[in-house]
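These notes are about the structure you will find just below.
Values in this document were obtained by computation on a predicted structure and should not be read as measured data. As the structure lists them, so they are numbered: ligands from 1, and atoms in each ligand from 1.
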Amino acid sequence: MFTSFVNLQYPEYEIITPQTHDSYHVRTLTVQEEERLKASFVTPSKITEHLNKCIYDSLVKKPEKIKTYDDFLKQVTLKDRDALLYGLYHITYEDIRNYEVQCGRCSKTYQVTVKASKTFNTHPYPDENVLQRKVEVPLPISKGVTVVIKQPTMFNELISFKTLNNQPGTNIDIITETLIIDSFKQSPEDGEDLIWDDPTDIIDAYLSLPPLDKKKIHSEYKDKFGQYGIFLKMRSTCIHCGEEEGLDLDLVQNFFHMVYEV
Ligand SMILES: [Zn+2]
């Protein structure tokens, strides 16, 4: 009867997280884990929960401070997760296969396969404070309103999905867009400062903004946090119309699709 292979070591890959600068080692997924992923019927909001668990289970080395799954969720930013997922994907499959591209010109979809390591770029966050840092951004159109932005962790994402998932008027895109908002503040000329920091209030406040304020929030986020991470860039040519375009691959969005088609 088969128990396990003797002294067999799975291939490992070390990842230094680009924003928190921690070292993790992931091992390849097993066929069994892959089959489990394929079998799990997942709604969009469940996908990230499965991904987080999948990455955690594949860790063979992690920093001292990460003792539990909860620690892991709180100490890893969403940009760090991109890097871990890249590592997991790279060590399991080597190539990025069946990545689905939608052509910017003709809107038809097609699939590409690329050598993962050829697409890889990293831009590390320059400081050690990414988990604590809050940045105040005065809004250009809604005068007197300040938004406080942050780099969300996997834990922030989980809480928001749990709190907001079944609420009318929200969808996964809006939840994801507002994860970078810590709170809204307003200082009226007469009266006390107002602060909104509850996830539901943040979404309602966000939806009430003029689009130029929204644009300001996201450009500030990109400048302060979002530009730091890993980037998977490639050029691809549409098989339908011949348009050539540059792509930023998003493994989180495509992970299940890609695993399923392997
Ligand atoms: Zn096309």
Side-chain angles (χ1 to χ4, degrees), residues 13 15 18 29 34-35 37-52 54-55 77-123 152 157 161 170-180 206-207 209-223 225-262:
Y13 188 74
I15 297 118
L29 293 176
E34 193 188 36
E35 289 303 315
L37 280 176
K38 289 180 185 176
S40 57
F41 176 75
V42 285
T43 58
S45 67
K46 282 269 171 221
I47 284 181
T48 50
E49 264 186 80
H50 280 245
L51 276 183
N52 297 347
C54 181
I55 297 170
T77 71
L78 299 186
K79 293 281 178 186
D80 291 335
R81 180 179 63 196
D82 290 348
L84 291 170
L85 194 60
Y86 166 80
L88 181 62
Y89 200 85
H90 178 66
I91 196 63
T92 303
Y93 301 116
E94 294 180 347
D95 294 340
I96 294 174
R97 287 184 244 181
N98 307 307
Y99 187 90
E100 196 160 281
V101 180
Q102 185 175 29
C103 173
R105 187 163 110 195
C106 74
S107 299
K108 290 181 184 159
T109 59
Y110 60 99
Q111 295 188 344
V112 295
T113 290
V114 331
K115 190 137 194 70
S117 54
K118 284 221 168 103
T119 66
F120 183 84
N121 280 285
T122 180
H123 187 202
E157 181 187 61
F161 280 158
T170 60
N171 60 53
I172 207 92
D173 292 336
I174 290 292
I175 297 173
T176 306
E177 279 175 33
T178 51
L179 285 174
I180 61 172
Y206 180 77
L207 290 173
L209 295 176
L212 285 176
D213 283 342
K214 166 181 165 174
K215 205 172 153 198
K216 174 74 175 168
I217 292 172
H218 291 283
S219 72
E220 283 294 319
Y221 167 75
K222 189 167 185 211
D223 182 57
F225 302 102
Q227 61 165 312
Y228 305 108
I230 64 149
F231 301 92
L232 305 175
K233 291 181 185 297
M234 64 169 289
R235 292 201 71 76
S236 112
T237 305
C238 176
I239 59 168
H240 305 290
C241 74
E243 175 83 350
E244 198 194 333
E245 56 187 344
L247 300 172
D248 277 316
L249 308 188
D250 181 342
L251 290 187
V252 176
Q253 286 216 334
N254 258 274
F255 197 77
F256 279 87
H257 174 75
M258 294 190 297
V259 169
Y260 199 80
E261 304 240 334
V262 165

**Prompt:** Do any N or O atoms from the side chain of Asn171 and from the backbone of Asp173 form a donor-acceptor pair under 3.5 angstrom?
**Reply:** yes
**Message:** Closer than 3.5 angstrom, by distance alone: can the side chain of Ser219 be matched with the main-chain N or O of Lys216 as a donor-acceptor pair?
**Reply:** yes
**Message:** So if I apply the side-chain contact (heavy atoms from CB on, under 4.5 Å) rule between Thr119 and each of Met234, Lys233, Arg235, which one comes out positive?
**Reply:** Met234
**Prompt:** Rounded to the nearest 0.5 Å, what separation is found between the OH atom of Tyr99 and the OG atom of Ser236?
**Reply:** 10.0 Å
**Prompt:** What's the spacing between Ile217 CD1 and Lys215 NZ if we round to 0.5 Å?
**Reply:** 13.0 Å
**Request:** Return the set of residues passing side chain to side chain donor-acceptor pair (under 3.5 Å) with Asp82 (not counting sequence neighbours), or none when no residue passes.
**Result:** none
**For the Zn ion (ligand 1): protein N/O/S atoms at distances below 2.8 Å** = 4
